[in-house]
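Structure first, commentary second.
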There are 2 protein chains.
Amino acid sequence: MKIDKSLVSGSTTLLILGLLKSNDMYGYQMIEELEKRSQNIFTLKAGTLYPILHTLEQQGMIESYDTETESARPRKYYRLTKEGKKLLEEKQIEWKAYSSAVNQVLGGLNYAGY
Amino acid sequence: MKIDKSLVSGSTTLLILGLLKSNDMYGYQMIEELEKRSQNIFTLKAGTLYPILHTLEQQGMIESYDTETESARPRKYYRLTKEGKKLLEEKQIEWKAYSSAVNQVLGGLNYAGY
DNA sequence: CAAATATATATCGGCCATCTATATATGTCA
DNA sequence: TGACATATATAGATGGCCGATATATATTTG
């Protein structure tokens with residue numbers, strides 16, 4: 001098996017897709033949710049997130065829709081498309097292989113977190 | 001805890017230091033050993049490795065010495081310095097935190113490979 | 001013996017992901 | 001009403017990694 005060489009630096013995309021698996025979310029919410037779930041280890045920057053969202057939407061991996069509430073500021077929600085779900089599964093497999101390989105190189109012990 | 005933002009893309013340094021933990025090695029050997037230990041998932045490129053080795057040596061994390069055999073091609077072996085060992089430990093902790101956080105974001109389950 | 005291939009190290013230019021900085025606009029709270 | 005949080009957006013800078021290339025020697029193969 002060959003790992004996509006951009007996996008490591010491209011893990012942000014994996015995380016974004018992972019967030020959308022459970023619920024539709026808007027950008028700002030993703031930043032907060034990611035911090036929360038990772039216990040402040042990931043502090044995704046807006047300047048990183050939004051360009052990725054636009055790219056993923058262009059690629060058909062996610063779809064957006066606006067909320068039409070009268071009170072709050074309009075938010076742009078994103079949801080996974082069928083293709084996006086497939087991409088997420090692929091990237092999850094890559095991540096498992098990658099993290100497992102790192103652990104093997106470092107200490108011999110294998111990844112067992114699933 | 002704050003993760004070095006270059007961790008992900010900087011995992012190559014972690015892997016190199018990890019290789020040197022068990023034995024002194026020369027560059028070309030690291031490329032082979034890394035492929036072997038990771039079951040061909042990591043194919044470290046010479047153009048990536050050697051500049052990193054030079055940088056690490058400049059920073060005092062590793063030291064080099066040449067072999068003076070008459071038969072074989074001279075090899076430049078590297079060993080971890082005290083500081084290098086410390087750096088490795090730090091980076092290993094960061095890696096655990098990072099991979100654990102990814103797993104938490106993705107599925108909830110935690111890293112348990114150690 | 002000569003050619004091809006594997007071993008071994010080295011550097012440069014460029015790509016691409018991410019961050020910083022900045023801009024814009026609205027809702028809420030003191 | 002001024003400050004701050006919410007919310008999205010983009011341009012420019014930075015930095016790690018790779019592809020290409022160069023050099024030199026040992027080994028294997030025809």
Side-chain angles (χ1 to χ4, degrees), chain A residues 2-17 19 24-36 41-59 62 64-78 91 94-95 98 102, chain B residues 2-17 19 24-36 41-59 62 64-78 91 94-95 98 102:
Chain A
K2 257 255 173 67
I3 286 281
D4 179 1
K5 61 192 165 196
S6 69
L7 201 196
V8 191
S9 30
S11 69
T12 308
T13 301
L14 166 66
L15 293 171
I16 292 171
L17 294 174
L19 285 173
D24 294 1
M25 286 189 194
Y26 54 96
Y28 195 83
Q29 185 184 10
M30 293 182 200
I31 294 174
E32 291 182 313
E33 186 68 20
L34 194 59
E35 277 189 30
K36 191 179 142 200
I41 286 186
F42 299 126
T43 49
L44 186 55
K45 300 302 170 351
T48 305
L49 174 64
Y50 290 107
I52 291 178
L53 287 177
H54 301 157
T55 303
L56 285 173
E57 188 171 23
Q58 257 191 321
Q59 294 171 341
I62 57 179
S64 64
Y65 56 94
D66 292 298
T67 44
E68 64 278 1
T69 44
E70 309 87 40
S71 58
R73 237 213 95 159
R75 294 162 173 170
K76 208 171 186 178
Y77 276 86
Y78 290 93
K91 284 197 167 288
E94 282 186 11
W95 162 251
Y98 172 79
V102 171
Chain B
K2 254 256 171 67
I3 286 281
D4 178 1
K5 60 191 163 195
S6 71
L7 202 197
V8 191
S9 33
S11 69
T12 308
T13 300
L14 166 66
L15 294 172
I16 291 171
L17 294 173
L19 285 174
D24 293 3
M25 285 190 196
Y26 54 96
Y28 196 83
Q29 186 184 9
M30 292 182 200
I31 294 174
E32 291 181 315
E33 186 69 19
L34 194 59
E35 278 190 30
K36 193 179 140 198
I41 285 185
F42 299 126
T43 50
L44 185 56
K45 300 304 173 345
T48 305
L49 174 63
Y50 291 108
I52 291 178
L53 287 177
H54 301 155
T55 303
L56 285 172
E57 189 171 23
Q58 257 191 322
Q59 294 171 340
I62 58 178
S64 65
Y65 56 95
D66 292 299
T67 43
E68 64 278 1
T69 44
E70 309 86 38
S71 59
R73 241 214 89 159
R75 293 162 174 170
K76 206 172 185 176
Y77 277 85
Y78 290 92
K91 283 196 168 289
E94 281 188 12
W95 162 249
Y98 171 79
V102 171

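Throughout, protein chains are lettered first and strands after them, A, B, ... in sequence-line order, and every chain is numbered starting at 1. We use all heavy atoms of the structure for the numbers below, so side chains are in, but hydrogens, waters and symmetry mates are not.
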* Asked: Under 4.0 angstrom, heavy atoms only, what part of the nucleic acid is B/Leu53 near: base, sugar-phosphate, or nothing?
  -> nothing

* Asked: Which part of the nucleic acid does B/Ile52 contact within heavy-atom distance under 4.0 Å: base, sugar-phosphate only, or nothing?
  ->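 Contact class for B/Ile52: sugar-phosphate only.
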
* Would you say the side-chain atoms of A/Tyr98 and B/Ser11 include a donor-acceptor pair closer than 3.5 Å? ->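 Yes, side-chain donor-acceptor contact under 3.5 Å.
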
* Structure fact -> Only one of B/Tyr77, B/Tyr26, B/Tyr78 passes side chain to side chain contact (heavy atoms under 4.5 Å, CB included) with B/Ser64, and that residue is B/Tyr78

* To do: Check B/Met30, B/Arg75, B/Glu32 against B/Met25 for a side chain to side chain contact (heavy atoms under 4.5 Å, CB included) and give me the one that passes.
  =>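 One option only clears the test, and that one is B/Met30.
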
Could you check how far [atom1] of [X] sits from [atom2] of [N], rounded to whole Å?
{"X": "A/Lys76", "N": "C/dT24", "atom1": "NZ", "atom2": "C1'", "value": "15 Å"}
{"X": "B/Leu14", "N": "D/dG16", "atom1": "CG", "atom2": "P", "value": "15 Å"}
{"X": "B/Leu44", "N": "C/dA10", "atom1": "CG", "atom2": "P", "value": "14 Å"}
{"X": "B/Ile31", "N": "C/dA10", "atom1": "CD1", "atom2": "P", "value": "11 Å"}
{"X": "B/Leu34", "N": "D/dC18", "atom1": "CG", "atom2": "P", "value": "11 Å"}
{"X": "B/Gln58", "N": "C/dA10", "atom1": "CD", "atom2": "C1'", "value": "14 Å"}
{"X": "A/Gln29", "N": "D/dA5", "atom1": "CD", "atom2": "P", "value": "19 Å"}
{"X": "B/Ile16", "N": "C/dT9", "atom1": "CD1", "atom2": "P", "value": "13 Å"}

* pair B/Ile16-B/Thr12: side-chain heavy atoms closer than 4.5 Å ->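 A side-chain contact exists here, since the closest heavy-atom pair is under 4.5 Å.
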
* Does the side chain of A/Trp95 reach to within under 4.5 Å of the side chain of A/Lys91, using non-hydrogen atoms? ->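 SC-SC contact between A/Trp95 and A/Lys91 ruled out.
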
* Would you find a donor on one side and an acceptor on the other, under 3.5 Å apart, between the side chain of A/Lys76 and the backbone of A/Pro74? -> no

* To do: May I ask you to verify if any side-chain N or O of A/Lys45 is less than 4.0 angstrom from the OP1 or OP2 atom of C/dA21?
  =>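 It does not, given that no N or O in the side chain of A/Lys45 lies less than 4.0 Å from OP1 or OP2 of C/dA21.
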
Using nucleotides 10-12 of chain D, report all nitrogen or oxygen pairs with the protein that are shorter than 3.5 Å.
from, atom 1, to, atom 2, distance (Å)
D/dT10, OP2, A/His54, ND1, 3.2

* Could you pull out the closest heavy-atom pair between A/Ile31 and A/Leu44, with the gap in Å? => CG2-O, 3.5 Å

* Asked: What closest approach, in Å, do A/Ala46 and A/Pro51 show between heavy atoms, and which atom pair accounts for it?
  ->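 Reported closest heavy-atom pair: O-CD, 4.0 Å.
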
Atom pairs under 3.5 Å, N or O on each side, protein against nucleotides 4-7 of chain C: can you list them with distances?
from, atom 1, to, atom 2, distance (Å)
C/dT7, OP2, B/Tyr28, OH, 3.1

* Asked: What's the spacing between A/Ile62 CD1 and A/Ile52 CD1 if we round to 0.5 Å?
  ->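 One finds 10.0 Å between CD1 of A/Ile62 and CD1 of A/Ile52.
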
